[in-house]
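In what follows, a single structure is set out as structure tokens and then discussed.
Just so you know, residue 1 is the first one in the sequence shown, and it goes up from there. Atom set for the values below is all heavy atoms of this structure, side chains included, hydrogens, waters and symmetry mates excluded.
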Amino acid sequence: MPGGDISDLDKNRALVAWLRYQLRHAEQRVRLEHAKQAERRRKQRARAEQLWKIQPRRSAETALLHRGGCGLYTSRAFIDREAAVSALAEPGIAPCDVCAPETGLTSAEPGA
């Protein structure tokens, strides 16, 4: 190589090595972000399972009380245990037949 120039072959090999390095790091960032999103979803599901939600009445149907994690009705408006107990006492609200939200609501609270 006259004058110490780097050959095109060596330049391209260096470029390939650098691109592989970048790809490994980008894939690692994708894996980390995927894990973070999965953890967020897990925490959201766990929180939803401790809460309830009310599906509004549609025409002649009765409004329904669901567990927070019930997939039959999607909502981000959750209510706590006290509000769920009150809702079940209302004549126009019935429990969901699938998720059975009344289970655990009618029994005494732990430590009561």
Side-chain angles (χ1 to χ4, degrees):
M1 288 180 228
D5 289 335
I6 300 174
S7 72
D8 285 343
L9 179 59
D10 289 337
K11 287 178 187 177
N12 285 312
R13 284 182 178 154
L15 178 60
V16 166
W18 180 78
L19 290 171
R20 284 184 179 144
Y21 167 83
Q22 289 294 319
L23 179 60
R24 279 193 311 272
H25 285 275
E27 288 172 337
Q28 181 180 13
R29 288 190 303 271
V30 167
R31 284 190 301 273
L32 288 173
E33 189 57 35
H34 185 285
K36 285 180 190 176
Q37 287 179 358
E39 180 66 13
R40 276 193 295 272
R41 285 191 302 271
R42 186 194 66 75
K43 286 181 180 180
Q44 287 171 344
R45 278 193 310 271
R47 178 181 173 270
E49 289 302 321
Q50 297 173 4
L51 299 171
W52 290 262
K53 56 191 173 185
I54 297 176
Q55 178 178 356
R57 178 187 337 203
R58 293 185 202 162
S59 61
E61 295 178 9
T62 304
L64 293 176
L65 178 69
H66 296 273
R67 289 185 178 271
C70 182
L72 293 181
Y73 175 66
T74 304
S75 173
R76 294 180 188 240
F78 296 108
I79 58 174
D80 61 13
R81 184 182 194 283
E82 185 177 318
V85 170
S86 296
L88 268 183
E90 293 290 324
I93 300 178
C96 172
D97 291 333
V98 176
C99 67
E102 71 279 10
T103 306
L105 284 179
T106 55
S107 63
E109 286 189 62

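The closest side-chain heavy-atom distance from I79 to I54 is below 4.5 Å. Here the side chains of Q50 and F78 are not in contact, with every heavy-atom distance at 4.5 Å or above.
Counting heavy atoms of neighbouring residues, nucleotides and ligands inside a 6.0 Å radius, atom NE2 of H34 does not exceed 12 of them. For CG of D80, the number of neighbouring non-hydrogen atoms (other residues, nucleotides, ligands) closer than 6.0 Å is greater than 12. Shown here is E82, whose CD atom has no more than 12 heavy atoms of other residues, nucleotides or ligands within 6.0 Å.
Within the model, atoms NZ of K11 and CG of L15 stand 11.5 Å from one another, a figure rounded to the nearest 0.5 Å. Taking CG of D97 as the start and NE2 of H66 as the end, the distance is 9.5 Å to the nearest 0.5 Å. Rounded to the nearest 0.5 Å, atoms CD (E102) and SG (C96) are 9.0 Å apart. Residue R76 holds its CZ atom at 10.5 Å from NZ of K53, rounded to the nearest 0.5 Å. The structure places SG of C70 at 8.5 Å from CD of Q55, a figure rounded to the nearest 0.5 Å. For the atom pair CZ of R67 and CG of L72, the computed distance is 13.0 Å after rounding to the nearest 0.5 Å.
No single ILVMFWY cluster, assembled from side-chain heavy atoms under 4.5 Å apart, contains both Y73 and W52.
For R41, there are no salt bridge (charged side-chain N to carboxylate O under 4.0 Å, His left out) partners, not counting sequence neighbours. Applying the side chain to side chain contact (heavy atoms under 4.5 Å, CB included) criterion to R57, with sequence neighbours excluded, gives A63. Every residue two or more places apart in sequence or in another chain that forms a side chain to side chain contact (heavy atoms under 4.5 Å, CB included) with K36 is listed here: E33, R40.
Shown here for P101 and L65, the closest heavy-atom pair between the two residues is CG-O, 2.9 Å. For the pair P95 and L64, the tightest heavy-atom approach, listed with the atom from each and the gap, is O-CD2, 4.0 Å.
Taking a cutoff of 4.0 Å between a charged side-chain nitrogen and a carboxylate oxygen, E61 and R58 do not qualify as a salt bridge.
The closest donor-acceptor contact from the side chain of K43 to the backbone of A38 lies at 3.5 Å or more, if one exists at all. Side-chain atoms of D10 do not come within 3.5 Å of backbone N or O of I6 as any donor-acceptor pair.
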